[in-house]
J.: 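One structure is given below, represented as structure tokens, and several questions about it will come after.
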Amino acid sequence: MRGGVSFLLLSGGVGSRSGHWEPKQFRKVKGIELVAYSLRLANAHPEISDIVVNAPEGYFSRTHELCDAFVTNKPVSVIPCGETRQESVCMLVEAASHDTVIVHEAARPLVDAHMIDALLKDTCKNAGLFSPIPFSMCEIDAHTGMVSRNIPRNQVFNIQLPQKFCRETLLKAHLKAKAAGFEFTEDAVLISEMVGAEVVALPGYAKNIKITSPEDFWFVEKYMEEESRT
């Protein structure tokens, strides 16, 4: 390993809830594919040394073509994705070349350099973006369908990507989770629970939504239109 920053891009999902006929990361938004926004940002950021992106089965050539088009001045690798998100992240971490990794996902095209800067400038080796959840929440019993208890909203936060990690620590946490048969849906909690690593919570960004449903594409396009006017 060596100093520098590897940008690890999750782009292996099929995005079935997005309503698109192919994986959502290949749907065009304002003229370019969704995944291209993250590739373009990583290519332009001066502190990112290389890029590793995974691709869903059947989309290796398409992903390579987009990397060739939008990554022009640093190394980029395309690797397979795993059967789960956790497995895909672990594969990306194993393929990383540098001591520090930024984990991001193609479904968040509004990522910008300020987010990356905030992560890299923080002195903690592990950091993520977290935003308050501005609405009431409760727990519902999955078996009965009945409300069971209140969840104070000042105790829960929306976990956003990108996130920054020490590669060695993140890999250790993933291997430990795999050996124990534990499954996580993101990495800040994984690294905290599996190896007790500290993860600093930085303020998230309201615009940094994850595209999941068809309506999210509309929101992102409208935001981009407004941003281009300012």
Side-chain angles (χ1 to χ4, degrees), residues 5-11 13 15 17-18 24-25 34-35 37-38 41-42 45 47-48 84-86 88-90 92-93 96 99-140 149-174 176-177 182-213 215-216 219-220 223-224 227:
V5 180
S6 290
F7 187 84
L8 310 183
L9 184 58
L10 283 160
S11 185
R17 290 174 291 175
S18 71
K24 63 186 175 185
Q25 56 269 39
L34 195 67
V35 65
Y37 287 95
S38 297
L41 172 71
H45 199 284
E47 294 193 60
I48 290 175
T84 65
R85 180 197 187 279
Q86 182 170 309
S88 291
V89 174
C90 187
L92 288 170
V93 176
D99 297 326
T100 298
V101 297
I102 295 287
V103 178
H104 190 53
E105 55 194 345
R108 294 183 187 266
L110 295 176
V111 62
D112 60 34
H114 297 295
M115 300 178 196
I116 304 296
D117 291 342
L119 293 170
L120 294 178
K121 287 177 181 177
D122 194 90
T123 57
C124 186
K125 291 185 177 181
N126 309 298
L129 304 176
F130 300 80
S131 61
I133 296 178
F135 45 81
S136 300
M137 301 181 67
C138 69
E139 184 177 288
I140 296 177
R149 70 181 181 93
N150 176 57
I151 299 178
R153 63 185 182 184
N154 65 343
Q155 296 179 11
V156 292
F157 291 82
N158 175 24
I159 303 172
Q160 299 182 354
L161 270 64
Q163 298 169 325
K164 176 189 75 171
F165 299 105
C166 167
R167 178 193 178 275
E168 181 181 3
T169 307
L170 182 57
L171 182 57
K172 179 180 178 181
H174 268 276
K176 189 173 182 180
F182 294 154
E183 194 71 31
F184 293 83
T185 57
E186 65 81 45
D187 297 284
V189 174
L190 181 151
I191 199 171
S192 175
E193 292 194 2
M194 295 311 305
V195 296
E198 291 185 340
V199 181
V200 68
L202 302 178
Y205 295 76
K207 76 170 189 177
N208 188 24
I209 70 164
K210 178 179 180 179
I211 290 183
T212 303
S213 65
E215 294 80 11
D216 295 332
F219 175 86
V220 166
Y223 189 93
M224 289 178 177
E227 200 171 46

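Numbers for residues simply follow the sequence, beginning at 1.
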J.: Could you tell me the separation between the CG atom of L170 and the SG atom of C90, rounded to the nearest 0.5 Å?
T.: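 So the CG of L170 and the SG of C90 are separated by 8.0 Å.
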J.: Step by step, would you call L8 with V89 a side-chain contact (heavy atoms from CB on, under 4.5 Å)?
T.: CA-CA 8 Å; L8 310 183; V89 174; 5.9 Å; no
J.: Look up atom CD1 in I102 and atom OG in S6, then write down how far apart they are to the nearest 0.5 Å.
T.: 10.0 Å
J.: Does some side-chain heavy atom of Q25 sit less than 4.5 Å from a side-chain heavy atom of Y37?
T.: no
J.: Are L119 and P162 packed together at the side-chain level, in the sense that at least one heavy-atom pair is separated by less than 4.5 angstrom?
T.: yes
J.: Is the shortest heavy-atom distance from the side chain of P132 to the side chain of F157 under 4.5 Å?
T.: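 A side-chain contact exists here, since the closest heavy-atom pair is under 4.5 Å.
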J.: Answer yes or no: is there a side-chain heavy-atom contact under 4.5 Å between Y223 and I209?
T.: no
J.: side-chain contact (heavy atoms from CB on, under 4.5 Å) for F130 and N158? Distances and angles first, verdict last.
T.: CA-CA 6 Å; F130 300 80; N158 175 24; over 6 Å; no
J.: Which is it for K207 and M115 under the side-chain contact (heavy atoms from CB on, under 4.5 Å) test, yes or no, and what are the steps along the way?
T.: CA-CA 11 Å; K207 76 170 189 177; M115 300 178 196; 3.7 Å; yes
J.: Taking all non-hydrogen atoms of both residues, which atom of L9 and which atom of A106 are closest, and how far apart?
T.: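 Closest pair (atom of L9, atom of A106, distance): CD1-N, 3.6 Å.
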J.: With sequence neighbours left out, what residues match E193 under side-chain contact (heavy atoms from CB on, under 4.5 Å)?
T.: F184, V189
J.: Would E186 and R85 pass as an ion pair if we require N to O under 4.0 Å?
T.: no
J.: So which atom in F165 and which in A188 form the shortest heavy-atom distance, rounded to 0.1 Å?
T.: CZ-N, 3.8 Å
J.: Tell me, please, which residues at least two apart from S88 pass side-chain contact (heavy atoms from CB on, under 4.5 Å).
T.: L10, N54, C81
J.: Could you tell me whether D216 and K210 have a side-chain N and a carboxylate O separated by less than 4.0 Å?
T.: no
J.: Between M224 and P109, which heavy-atom pair has the shortest distance, and what is it?
T.: CE-CB, 4.3 Å
J.: Quick check against the 3.5 Å criterion: does K172 have a side-chain atom that pairs as donor or acceptor with the backbone of R167?
T.: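 Not a single qualifying donor-acceptor pair exists.
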J.: Report yes if some heavy atom in the side chain of V156 is under 4.5 Å from a heavy atom in the side chain of M137; otherwise report no.
T.: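 With C-beta onward as the side chain, the pair touches.
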J.: Determine whether H104 and V111 make a side-chain contact, defined as any pair of heavy atoms from C-beta on separated by less than 4.5 Å.
T.: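 In short, these two side chains touch, coming nearer than 4.5 Å.
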J.: Judged by modelled atom types alone, do T84 and E183 share a side-chain donor-acceptor pair under 3.5 Å?
T.: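 Checked: T84/E183 side chains pair up, N/O donor to acceptor below 3.5 Å.
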J.: Could you state the interatomic distance from CD1 (I116) to CZ (F7), rounded to the nearest 0.5 Å?
T.: 5.5 Å
J.: Mark yes or no for whether Q160, through its side chain, and L129, through its backbone, hold a donor-acceptor pair below 3.5 Å.
T.: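 It does not hold such a pair.
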J.: Short question: side chain of N126, backbone of A197 - any donor-acceptor pair under 3.5 Å?
T.: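 It does not hold such a pair.
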J.: Let me confirm one number: the CD1-CZ distance from I211 to R108, rounded to the nearest 0.5 Å.
T.: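 Going from CD1 on I211 over to CZ on R108, the span is 10.5 Å.
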J.: Apply side-chain hydrogen bond (donor to acceptor under 3.5 Å, both in side chains) to residues E215 and S213 and explain how you reach the verdict.
T.: CA-CA 5 Å; E215 294 80 11; S213 65; 3.0 Å; yes
J.: Could you pull out the closest heavy-atom pair between A96 and V101, with the gap in Å?
T.: CB-CG1, 3.8 Å
J.: What pair of heavy atoms forms the shortest contact from A107 to L34, and how long is it?
T.: CA-CD2, 4.1 Å
J.: Distance check, rounded to the nearest 0.5 Å: D187 atom CG versus I159 atom CD1?
T.: 9.5 Å
J.: For F182, look at atom CZ and say whether over 12 heavy atoms of other residues, nucleotides or ligands are found less than 6.0 Å away.
T.: no
J.: Of all the heavy-atom pairs spanning V200 and A127, show the shortest one and how long it is.
T.: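 Distance-wise, the nearest heavy atoms are CG1-CB, 3.2 Å.
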J.: With rounding to the nearest 0.5 Å, note down the distance linking NE2 in H174 to CG in L92.
T.: 9.0 Å
J.: Can you confirm whether E227 is buried at CD, in the sense that more than 12 heavy atoms of other residues, nucleotides or ligands lie under 6.0 Å from that atom?
T.: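 Check passes, neighbour count above 12.
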J.: Any side chain to side chain donor-acceptor pair (under 3.5 Å) pairs touching residues 114-125, not counting sequence neighbours?
T.: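 Listed by first then second residue: H45-D117.
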